[in-house]
K.L.:
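One structure coming up, written as structure tokens, with questions to follow.
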Amino acid sequence: MPTVTVSMPYRGCPDTVRRAVDAVLNQTYTDLRLIVIDDGDTEQPPWPALADVDDPRLVRFSLTENRGRYFADAVTLAATDSPWWTVHDADDEAEPTWLEVMLAAAEDADVVFTGQRVHPLAGSRTITEKVRPYHDSDLLAHHAHMAGLWSTTWLRTVGGPHPGYRIGWDTLLTATAYAAGRVGVVDAPLYHRHRRRGSLTTSPTTGTRSAARRRVTEELRVLWPKVRAAAADGGAAAVGAVIAATVAPELRDAVAREAAALRDRLASCPAVPVPVPEVVVERRAGERYATDLTAHARLWRGWALDRAGAAELDARLAELQPRVVVEAGSGSSTLVLARYAAATGAHVVTLEHEPRFREATLRLLAEHDVAGRVDVRLAPLVETDHGPWYDAALPDGIGLALVDGPPEGAGGR
């Protein structure tokens, strides 16, 4: 199987990076290497949130200074030896089949793009965006998110992520894929963009209506006809020459230095599928309902509650013996509650606003023979005076509430 390098530039989102990392490490395609690259964030580095992740496919690397996400991507692209490369933003979340489906569509393609779901800052309504068709024109248009699958060789040939830009370059790069390469398209929304306050697209200084964004847009509109003409005349290599001429020598040298350091780090990290280890979790006295569950690392990837949280929940259930339990946000914790309900006859209500997560939870319960033990309700989010909450009536006499939702991407938690 070909190895895929996943570049995850990080800056200023400690509350979402673990979700993003779990989404990558929980891919059904396992031959990957995930590089979390800290873009000089000394105030809120990502490492505390990832302290207990022991998957050897995760590579941690810190840049010496903040230079922007495309600089970070340029470093990972220059350092990798894998045939395929992609990006996953530190505040987003890919479907488990994201890499597998893109690789299946990559035959005879230099780049594969997928649809995406955009989650707004507040409310429950998501927007599904398909890959926009390409029109051979000097008018630059945005076609897809950069979180597609890129041939490493081809991407390097056309210049790749531009280390001199902090915003907007993905628009030109994805358009270049059509002008100078072979593009595969998967309409299914395999990637979830979670809009976040203070991100590059929402910040007043870099957002879609900012002066900086307008300035970059004008620069790229001037550059695009040159890129398009080069693609028509000489293909990918000619485009690469045009792009290279816009990169300052000192930036090119800085990328090379950082990439050399990252390459040394990668040399000590395996780029192969790894078996999921069995994890021994210290259990508190009285724990019953998560017994033989918390030892399985795969069960706790990509879900809201971690293994330590499951052990704590288990101990609370054994101690308090609640007759009515309400859970906000479904996941692996729902399995613990279902086993508790099966053993005690307790009434458990779980609120979930995402149909796909509800279905995944129902499958999980069925796999463990506790289907029907929890009332997993599909409850859309509504705005309240205290932020978004689930549009569902709560039962009387609640003895224990486990609140791990709504998610931050929807304005909660």
Side-chain angles (χ1 to χ4, degrees), residues 11-20 22-23 44 49 88-95 115-130 142 145 147 189-210 213 302-306 309 313 322 324-334 337 347-362 374-413:
R11 187 168 181 83
C13 51
D15 295 334
T16 62
V17 65
R18 179 57 182 268
R19 177 187 66 194
D22 284 347
Q44 294 182 309
H88 189 298
D89 290 346
D91 51 5
D92 288 344
E93 183 180 18
E95 290 284 340
Q116 60 179 322
R117 281 202 175 99
V118 182
H119 299 255
L121 288 172
S124 60
R125 187 174 66 89
T126 62
I127 302 170
T128 300
E129 293 184 355
K130 293 186 177 182
H142 188 86
H145 193 279
L190 300 178
Y191 189 81
H192 293 258
R193 285 181 55 210
H194 291 272
R195 290 176 61 84
R196 174 177 59 86
R197 290 177 177 84
S199 71
L200 290 175
T201 55
T202 63
S203 168
T205 57
T206 61
T208 53
R209 297 182 181 180
S210 66
R213 183 75 61 166
W303 299 80
L305 202 66
D306 59 16
L313 171 62
V324 179
V325 180
V326 168
E327 178 186 33
S330 71
S332 295
S333 55
T334 312
L337 295 176
H347 179 48
V348 179
V349 175
T350 293
L351 307 178
E352 176 57 66
H353 76 289
E354 282 279 9
R356 65 191 180 100
F357 289 146
R358 178 178 183 271
E359 292 303 315
T361 298
L362 292 175
V374 174
D375 180 5
V376 185
R377 299 181 183 177
L378 184 62
L381 299 183
V382 294
E383 283 301 318
T384 74
D385 293 339
H386 305 287
W389 188 247
Y390 302 89
D391 187 14
L394 298 180
D396 294 329
I398 298 172
L400 179 68
L402 174 61
V403 182
D404 200 14
E408 183 196 24
R413 270 209 302 239

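Along the sequence shown, the residues carry numbers beginning at 1.
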K.L.:
Can you name the ring pair (Phe, Tyr, Trp, His ring centres under 6.0 Å) partners of H347, sequence neighbours left out?
P.N.:
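Per chain and number, H347 pairs via ring pair (Phe, Tyr, Trp, His ring centres under 6.0 Å) with no residue.
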
K.L.:
Which distance, rounded to the nearest 0.5 Å, do you find between the CZ of R19 and the SG of C13?
P.N.:
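Between R19 CZ and C13 SG, I get 9.0 Å after rounding to 0.5 Å.
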
K.L.:
When you compare the side chain of S333 with that of E327, does any pair of heavy atoms fall below 4.5 Å?
P.N.:
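When only atoms from C-beta onward are counted, S333 and E327 do touch, with a gap below 4.5 Å.
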
K.L.:
What I'd like to find out is whether the side chain of V382 reaches to under 4.5 Å of the side chain of P388, using heavy atoms alone.
P.N.:
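No. Closest side-chain heavy atoms not under 4.5 Å.
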
K.L.:
Between Y191 and H88, how do the two ring planes meet: parallel, tilted or perpendicular, split at 30° and 60°?
P.N.:
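Y191 and H88: perpendicular rings.
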
K.L.:
When rounded to the nearest 0.5 angstrom, what is the spacing between OG1 in T334 and CG in L402?
P.N.:
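CG of L402 is found 8.0 Å from OG1 of T334.
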
K.L.:
Restricting to non-hydrogen atoms, name the atom on A20 and the atom on D89 that form the minimum distance, rounded to 0.1 Å.
P.N.:
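A20 and D89 have their closest heavy atoms at CB-O, 3.6 Å.
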
K.L.:
Quick one: closest heavy-atom pair of Y390 and A379, and the distance?
P.N.:
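In terms of heavy atoms, the two residues are closest at CD2-O, 3.6 Å.
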
K.L.:
So, the side chain of E352 versus the backbone of S330: is there a donor-acceptor pair under 3.5 Å, distance only?
P.N.:
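Between the backbone of S330 and the side chain of E352 there is a qualifying donor-acceptor contact (under 3.5 Å).
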
K.L.:
Sub-3.5 Å donor-acceptor pair from the side chain of D391 to the main-chain atoms of P380, do we have one?
P.N.:
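Checked: no pair found.
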
K.L.:
Any side-chain heavy atom of L351 sitting closer than 4.5 Å to one from L394?
P.N.:
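Yes, at least one pair of side-chain atoms sits under 4.5 Å.
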
K.L.:
Identify the two heavy atoms, one from P322 and one from G399, that lie closest to each other, and give their separation to 0.1 Å.
P.N.:
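Shortest heavy-atom separation between P322 and G399 comes out as CB-C, 3.8 Å.
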
K.L.:
Under 4.5 Å between any side-chain heavy atoms of D92 and T16, yes or no?
P.N.:
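Of all side-chain heavy-atom pairs linking T16 with D92, none is under 4.5 Å.
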
K.L.:
How close do P14 and A49 get, heavy atom to heavy atom, and via which atoms?
P.N.:
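That closest heavy-atom pairing would be O-CB, 3.8 Å.
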
K.L.:
Does a side-chain heavy-atom distance below 4.5 Å link P120 with I127?
P.N.:
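SC-SC contact between P120 and I127 ruled out.
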
K.L.:
Taking all non-hydrogen atoms of both residues, which atom of V374 and which atom of L337 are closest, and how far apart?
P.N.:
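Result for this residue pair: CG2-C, 4.3 Å.
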
K.L.:
Side chains of R358 and H353: closer than 4.5 Å at any heavy-atom pair?
P.N.:
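R358 vs H353: side chains apart.
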
K.L.:
Go through the steps for V326 and V348 under the test side chain to side chain contact (heavy atoms under 4.5 Å, CB included), then give the verdict.
P.N.:
CA-CA 6 Å; V326 168; V348 179; over 6 Å; no

K.L.:
Could you check if a side-chain atom of H119 sits within less than 4.5 angstrom of a side-chain atom of E354, using non-hydrogen atoms only?
P.N.:
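Counting from C-beta outward, H119 and E354 do come under 4.5 Å.
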
K.L.:
Any Lys/Arg nitrogen of R356 or E95 sitting under 4.0 Å from an Asp/Glu carboxylate oxygen of the other?
P.N.:
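Yes.
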
K.L.:
Go through the structure and list residues passing salt bridge (Lys or Arg N to Asp or Glu O under 4.0 Å) with D375, not counting sequence neighbours.
P.N.:
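Residues passing salt bridge (Lys or Arg N to Asp or Glu O under 4.0 Å) with D375: R377.
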
K.L.:
Within the structure provided, determine whether R193 and R117 are in side-chain contact (heavy-atom separation under 4.5 Å).
P.N.:
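Not in contact.
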
K.L.:
Starting from the C-alpha separation in whole Å, work towards a yes-or-no answer on side chain to side chain contact (heavy atoms under 4.5 Å, CB included) for H192 and V118.
P.N.:
CA-CA 6 Å; H192 293 258; V118 182; over 6 Å; no

